[in-house]
Amino acid sequence: MSSRVSFLTVEQNYALEVACAPLEAAGLNVFLVGSVLERASWRDVDLRAVDIDGTLAAITGNRVLSRALNAAMSAWLRERTGLPIDFQFQDMAENTSYSGRPRNAVGILIESETAARRNSPTKAGEP
């Protein structure tokens, strides 16, 4: 059995983590979903920012605004990662309809490592 989380390479996964870290730091819950988690023949990298607490209702409740911001975020992340990104803001109802399908939180690795270093006490004499 494989322990592979996705079919991204190490470099692609790292680029995605780095690109999504500011989104996570801003309070977005971003998840990697779709074919890249299931098969080597993936076509694009599906990312979903899930509105867990309703703070993004102004975005998710407005189709025109949502489409424009989805396209802008897709382009921004594509530029940063070199990957064919499909980014979408999702409300909880839409997200729940995909329940049971694989998903992987992204953007948390870099931020959590940075926070750990920031909060780690240094030993006397160490820089």
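Small disclaimer: the values here were computed from a predicted structure and weren't measured.
Asp91 places no side-chain N or O within 3.5 Å of a backbone atom of Val50 that could act as its donor or acceptor partner. Side-chain N or O atoms of Asp51 include one that pairs as donor or acceptor with a backbone N or O of Thr55 at under 3.5 Å. A donor-acceptor pair is defined here as one N or O able to donate and one able to accept, closer than 3.5 Å; such a pair exists between the side chain of Glu17 and the backbone of Gly107. In terms of modelled atom types and a separation under 3.5 Å, the side chain of Ser66 and the main chain of Asn62 share no donor-acceptor contact.
Taking 4.5 Å as the limit, every side-chain heavy atom of Met92 sits out of range of all side-chain heavy atoms of Asp53. Within the 4.5 Å cutoff, side-chain heavy atoms of Leu37 are placed close to those of Leu32. In this structure, Pro84 and Trp42 have side chains that are in contact, with non-hydrogen atoms separated by less than 4.5 Å. Here the side chains of Leu47 and Leu16 are in contact, with some heavy-atom distance below 4.5 Å. Counting heavy atoms from C-beta on, the side chains of Leu23 and Trp76 come closer than 4.5 Å.
Salt bridge Arg78/Asp86: absent, no basic N to carboxylate O contact under 4.0 Å.
Note that CD1 of Ile85 is 12.0 Å distant from CD of Glu79, once rounded to the nearest 0.5 Å. Rounding to the nearest 0.5 angstrom, the gap separating the CG atom in Asn29 from the CD1 atom in Ile108 is 9.5 Å. For the atom pair CG of Leu28 and CD1 of Ile52, the computed distance is 10.0 Å after rounding to the nearest 0.5 Å. The CZ atom of Arg48 lies 5.5 Å from the CD atom of Gln90; values are rounded to the nearest 0.5 Å. Here Glu11 contributes atom CD and Asn13 contributes atom CG; the two are 10.0 Å apart, rounded to the nearest 0.5 Å.
Taking each heavy atom of Val106 and Cys20 in turn, the nearest pair found is CG2-SG, 3.8 Å. Residues Leu56 and Phe89 share a closest heavy-atom pair of CD1-CD2, 3.9 Å. The two residues Gln12 and Leu83 come nearest to each other via the heavy atoms NE2-CD2, 3.5 Å. Between Met73 and Phe87, the shortest heavy-atom distance links the atoms CB-CD2, 3.3 Å. In terms of heavy atoms, Ser35 sits closest to Asp46 at N-OD2, 4.2 Å.
Each of Leu8, Val5, Val33, Val30 was checked for a side-chain contact (heavy atoms from CB on, under 4.5 Å) with Asn104, and the lone residue meeting it is Val5.
In this structure, Leu77 is a member of the same hydrophobic cluster as Phe7, with clusters built from ILVMFWY side-chain heavy atoms closer than 4.5 Å.
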